[in-house]
K.L.:
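This structure is in structure tokens; I'll ask about it shortly.
First listed ligand is number 1; within each ligand, the first listed atom is number 1. Since this is a predicted model, take the numbers as computed values, not measurements.
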Amino acid sequence: MARPIRAIFDTGALAGNLAAVRARAGGARLWAVVKANAYGHGLARAARALAAADGFALLDLDEAARLRDLGVTKPILMLEGFFAPADLPDFAALGLTAVVHSDEQIAMLERARLPRPVAVFLKLNTGMNRLGLAPERCGAACERLRAAPAVGAVGFMTHFADADGPAGVAEPLARFERATAGLPGERTLANSAAILRYPQTVADWARPGIALYGCSPFADEEAGGLGLRPVMTLASEIIAVRDLAPGDRVGYGGTFTAPAAMRVGIVACGYADGYPRHAPSGTPILVDGQRTGTVGRVSMDMLVADLTAIPGAGVGSRVTLWGEGLSCDAVAAAAGTVSYELLCALAARVPQVERA
Ligand SMILES: *Cc1c(COP(=O)(O)O)cnc(C)c1O
């Protein structure tokens, strides 16, 4: 028999989350963000379950080509645009929409001769200081783009640095609106957090990612309360049980010492499956549907769960690492990270099953 670990994908929840996001996004069209293999959920699976989206957004040309091969004819937004002039013929051939965030990209477009023009969204840096032109350069850059024969429609984009945090969107939104005032073209600003918290930002197109996968973009608000259902459940089983005497230590480095007699279960899941190695003792985990905590260091293929309060649990008991019944957000918070990272890190060796 194979190792009992598996990732279970609820594609009905994926479609349901899209509908829930749409209900919050006014009339905005939605680019379902499917970068990083659809946040670990599988690109083809996500494209199928999210067929009601108005388009898809990602980063890799290979993944965009795969979407076209899968029969996707809707707009595909390339979130970092093209990386070299040699990419542009592919953008034209595949009908991709490019984010343009740099002078270098504008120059590449000015020099390009393409069989058909590429639609672009000019990205403005409104405070993230990652990608994008300074807002005051928007008008001039827009003129250059409009004059380039390789360029089709020109729209405008920004990305919020703190839509999920205390700074909010007021300042960057004002900068974006000032820079683009009076310029014709579509607008796209909002990620999941902005859609859910700042409906005034949804504009023509919104770009939900994490909410589609049933996780919360907020540290202080749970996915369930936002009407979102988990899509990925990482499940496994107990493969051994042992009794600990007070003072016994557990795992590499012996970082956990039993304060009293305890019963623990060894779970077939480790960091090589994508479980975070930094999850400390006490990270929430479900055994037979009951919430308990991990014990000791996570190793490559195994981790340990406290079964002291679950006397019925034994070898073969079902374990949920995250997903249905235990939000990925809670596990991520305990491990000092965000659900995004856990979902994306699901390892290729974990068998995948689908449930509609
Ligand atoms: C990843 C990404 C998104 C989606 O963000 P979520 O927080 O997952 O909703 C939107 N826009 C851009 C530019 C992104 O890179």
K.L.:
Among protein heavy atoms, which sits nearest to atom 2 (C) of ligand 1, and what does the distance come to when rounded to 0.1 Å?
P.N.:
Lys35 NZ, 2.6 Å
K.L.:
Please write down residue, atom name and distance for the protein heavy atom closest to atom 12 (C) of ligand 1.
P.N.:
His159 CE1, 3.4 Å
K.L.:
Quick one: closest heavy-atom pair of Asn17 and Ala211, and the distance?
P.N.:
CB-O, 3.6 Å
K.L.:
Checking Ser317 against Asp288: is there a side-chain donor and acceptor pair closer than 3.5 Å?
P.N.:
yes
K.L.:
With distance as the sole criterion, is a donor-acceptor pair present between the side chains of Ser339 and Asp329 under 3.5 Å?
P.N.:
yes
K.L.:
Purely on distance, is any nitrogen or oxygen of Tyr39 under 3.5 Å from one on ligand 1?
P.N.:
yes
K.L.:
In the structure I gave you, are the side-chain heavy atoms of Met232 and Gln352 within less than 4.5 Å of one another anywhere?
P.N.:
no
K.L.:
Would you say Arg207 and ligand 1 have an N/O pair spaced under 3.5 Å apart?
P.N.:
yes
K.L.:
Can you find a pair of side-chain heavy atoms, one from Leu30 and one from Leu18, that are under 4.5 Å apart?
P.N.:
yes
K.L.:
As an exercise, identify every atom of ligand 1 less than 4.0 angstrom from a heavy atom of Ile210.
P.N.:
6 (P), 8 (O), 9 (O)
K.L.:
So which heavy atom in the protein is nearest atom 9 (O) of ligand 1, and how far is it from that ligand atom?
P.N.:
Ser192 OG, 2.5 Å
K.L.:
Considering only heavy atoms of Met157, which atoms of ligand 1 have at least one such atom less than 4.0 Å away?
P.N.:
13 (C)
K.L.:
Counting non-hydrogen protein atoms only, what is the nearest one to atom 7 (O) of ligand 1? Give residue, atom name and distance.
P.N.:
Tyr340 OH, 2.6 Å
K.L.:
With clusters built from Ile, Leu, Val, Met, Phe, Trp and Tyr whose side-chain heavy atoms come within less than 4.5 Å, directly or transitively, what are the remaining members of the cluster of Val264, listed by chain and number?
P.N.:
Ile239, Leu244, Val250, Phe256, Met262, Ile266, Val295, Met302, Val304
K.L.:
May I ask you to check if ligand 1 and Gly209 share an N or O to N or O distance below 3.5 Å?
P.N.:
yes
K.L.:
Can you confirm whether Leu145 sits close enough to Val120 that some side-chain heavy atom of one is under 4.5 Å from a side-chain heavy atom of the other?
P.N.:
yes
